[in-house]
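This report concerns only the one structure given below.
Chain letters run A, B, ... following the sequence lines, proteins first, then strands; residues in each count from 1. Basis for what follows: all heavy atoms, side chains included, without hydrogens, waters or symmetry-related copies. Everything numeric here is computed off the predicted structure, so don't read it as measured data.
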Amino acid sequence: MRIATWNVNSVRARLPRILEFLERVRPDVVCLQETKCLDEVFPLEALEEAGWSAATSGQKTYNGVAILARGRIEDVVRGLDDGVEDPEARVISAQVGDVMVVNAYVVNGQQVGADRYHYKLGWMLRLRDFVARRASQGEKLVVCGDFNVTFDDRDVHDPLLWHEKILCSTPERQALSGLTGLGLKDAFRKFHEEGGHYTWWDFRTRGWQRKAGLRIDHMLVSPPVYEALTSCTIDLAARDGLQPSDHAPVVAEIQG
DNA sequence: ATGGTGGATTTTCCA
């Protein structure tokens, strides 16, 4: 199974780039974040015409997540399922084949110390608890998405500039460790121990042109998936060219 | 400390 995660920064604005990616990379499952639209205006027909099924959880203007699959998408759960009032569409989970997929768009947090920063840390705890409830022993589990957090300074083009800044602060990294603490591993690091690999480049500072990015989009996988991984790459071609998202997709190949 | 660009919906919010 080939599985991808991609923050598309509007599914409607990005539709041509998404269709090109699906055709070129030929994944089996794709987790999208920042779809930025209500389910009723999600471009379902265009994707179905290209052979895809979709499960969506959207809202107007902000956030929004979706799972695309070549095959059947079953047992769809929207949100963190913990009884907490949450108007932000940031999580969708489903069974696809023998893999349980959790697709998350983690709160950005704006800046260290801001209200949204504290909200982010609390939200990540809720995400960890949700994943702990969804995980079962020996199961193939993939938790992927835009985590808006770097694991360590290898994921940062300029660690001095970003030291203890948003996306790089110690509390955020500890919150991300809450997920690896459940026994999940960073799929990308199985194949790439060195730094300098990024998934997001800021539009505002022309980060792509400066080759100045961060690795904040991740695929965290349970031991049976980790053992079966044969590759994990960042699709830089999707970040290049006309009207790209500010994120590149992460693509993993799971044998069997 | 601030602004740069991009998307959605609007003259502003969020990233």
Side-chain angles (χ1 to χ4, degrees), chain A residues 5-21 30-44 46-47 56-66 79 86-92 103-124 127 144-150 155-158 160-169 171-173 175-176 198-218 234-250:
Chain A
T5 179
W6 190 11
N7 179 323
V8 290
N9 187 16
S10 171
V11 69
R12 290 179 293 173
R14 216 63 58 214
L15 187 60
R17 298 299 307 254
I18 293 170
L19 291 170
E20 185 277 333
F21 170 77
V30 182
C31 293
L32 303 178
Q33 303 88 37
E34 279 208 271
T35 53
K36 291 187 169 180
C37 65
L38 288 165
D39 292 346
E40 61 230 47
V41 292
F42 188 93
L44 190 60
L47 289 161
T56 61
S57 180
Q59 66 181 89
K60 204 173 176 181
T61 311
Y62 303 120
N63 309 315
V65 283
D86 193 346
E88 300 181 0
R90 294 184 174 276
V91 185
I92 188 168
N103 174 19
Y105 172 48
V106 173
V107 177
N108 173 283
Q110 292 181 338
Q111 59 178 299
V112 173
D115 286 350
R116 289 296 287 176
Y117 175 77
H118 296 292
Y119 178 73
K120 176 183 196 172
L121 297 177
W123 193 91
M124 290 183 78
L127 176 64
C144 64
D146 176 1
F147 288 81
N148 269 318
V149 182
T150 52
D155 298 338
V156 185
H157 73 95
D158 187 344
L160 277 177
L161 182 70
W162 284 87
H163 181 70
E164 294 298 338
K165 295 289 198 302
I166 194 69
L167 316 181
C168 300
S169 74
E172 290 168 275
R173 288 176 175 176
L176 186 56
Y198 311 126
T199 63
W200 171 78
W201 299 259
D202 199 338
F203 283 134
R204 288 168 290 189
T205 56
R206 301 187 181 280
W208 175 251
Q209 289 85 344
R210 295 187 297 113
K211 304 185 189 301
L214 300 178
R215 191 172 73 98
I216 55 176
D217 300 86
H218 306 299
I234 299 165
D235 185 49
L236 297 174
R239 180 63 179 82
D240 207 0
L242 295 176
Q243 291 178 290
S245 169
D246 46 350
H247 295 251
V250 179

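- Of the side-chain N and O atoms in A:R12, one or more sit less than 4.0 angstrom from OP1 or OP2 of B:dT9.
- Across the protein-nucleic acid pair, A:W200 atom CH2 and B:dG7 atom C1' stand 15 Å apart, rounded to whole Å.
- Residue-level contact check: A:T61 touches the backbone only, with heavy atoms under 4.0 Å from sugar-phosphate atoms and none from bases.
- The distance from atom CH2 of A:W208 to atom P of B:dG6 is 15 Å, rounded to the nearest whole Å.
- Dashed line: the shortest gap from a side-chain N or O of A:R204 to OP1 or OP2 of B:dG6 is not under 4.0 Å.
- The aromatic rings of A:F21 and A:W6 are tilted relative to each other, their planes meeting at an angle between 30° and 60°.
- Comparing B:dA1 with B:dT11, their P atoms are spaced 28 Å from each other, to the whole Å.
- Considering only side-chain atoms of A:N9, the nucleotide from B:dT9, B:dG7, B:dA15 that sits closest is B:dG7.
- When each of A:T205 and A:P244 is assigned the nucleotide of DNA chain B with its nearest heavy atom, A:T205 is the one assigned upstream, toward the 5' end.
- If you measure from atom CD of A:Q209 to atom P of B:dT5, you get 11 Å, rounded to the nearest angstrom.
- The nearest whole Å value for the distance from the CG atom in A:L242 to the P atom in B:dT5 is 18 Å.
- Checking A:K36 against A:N9 by side-chain atom types alone, a donor-acceptor pair falls below 3.5 Å.
- The closest side-chain donor-acceptor pair between A:R215 and A:T150, if any, does not fall under 3.5 angstrom.
- Between the NZ atom of A:K120 and the P atom of B:dA15 there is a distance of 10 Å, given to the nearest Å.
- Counting to the nearest Å, the P atom of B:dT10 and the NZ atom of A:K60 are 6 Å from each other.
- Contact annotation for A:R14: backbone-only contact, meaning every heavy-atom pair under 4.0 Å involves sugar-phosphate atoms and none involves a base.
- A:R210 and A:T205 are linked by a side-chain donor-acceptor pair at a separation below 3.5 angstrom, with hydrogens and angles left out of the test.
- Side-chain contact check for A:D39 and A:T56: at least one donor-acceptor pair (N or O, by modelled atom type) lies under 3.5 Å.
- Interface residues of residues 104-117 of chain A facing DNA chain B, ordered by number: A:Y105, A:N108, A:Q110; criterion, heavy-atom separation under 4.0 Å.
- Here the C1' atom of nucleotide B:dT9 and the CG atom of A:L38 are 13 Å apart, to the nearest Å.
- The interatomic distance linking A:H247 (NE2) with B:dT5 (P) rounds to 18 Å, in whole Å.
- Note on ring orientation: taking the six-membered ring where Trp is involved, the planes of A:H157 and A:Y198 are perpendicular (angle over 60°, cut-offs 30° and 60°).
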Q: Just do the side-chain contact (heavy atoms from CB on, under 4.5 Å) check on A:L121 and A:E172 with the steps written out, would you?
A: CA-CA 7 Å; A:L121 297 177; A:E172 290 168 275; 4.1 Å; yes

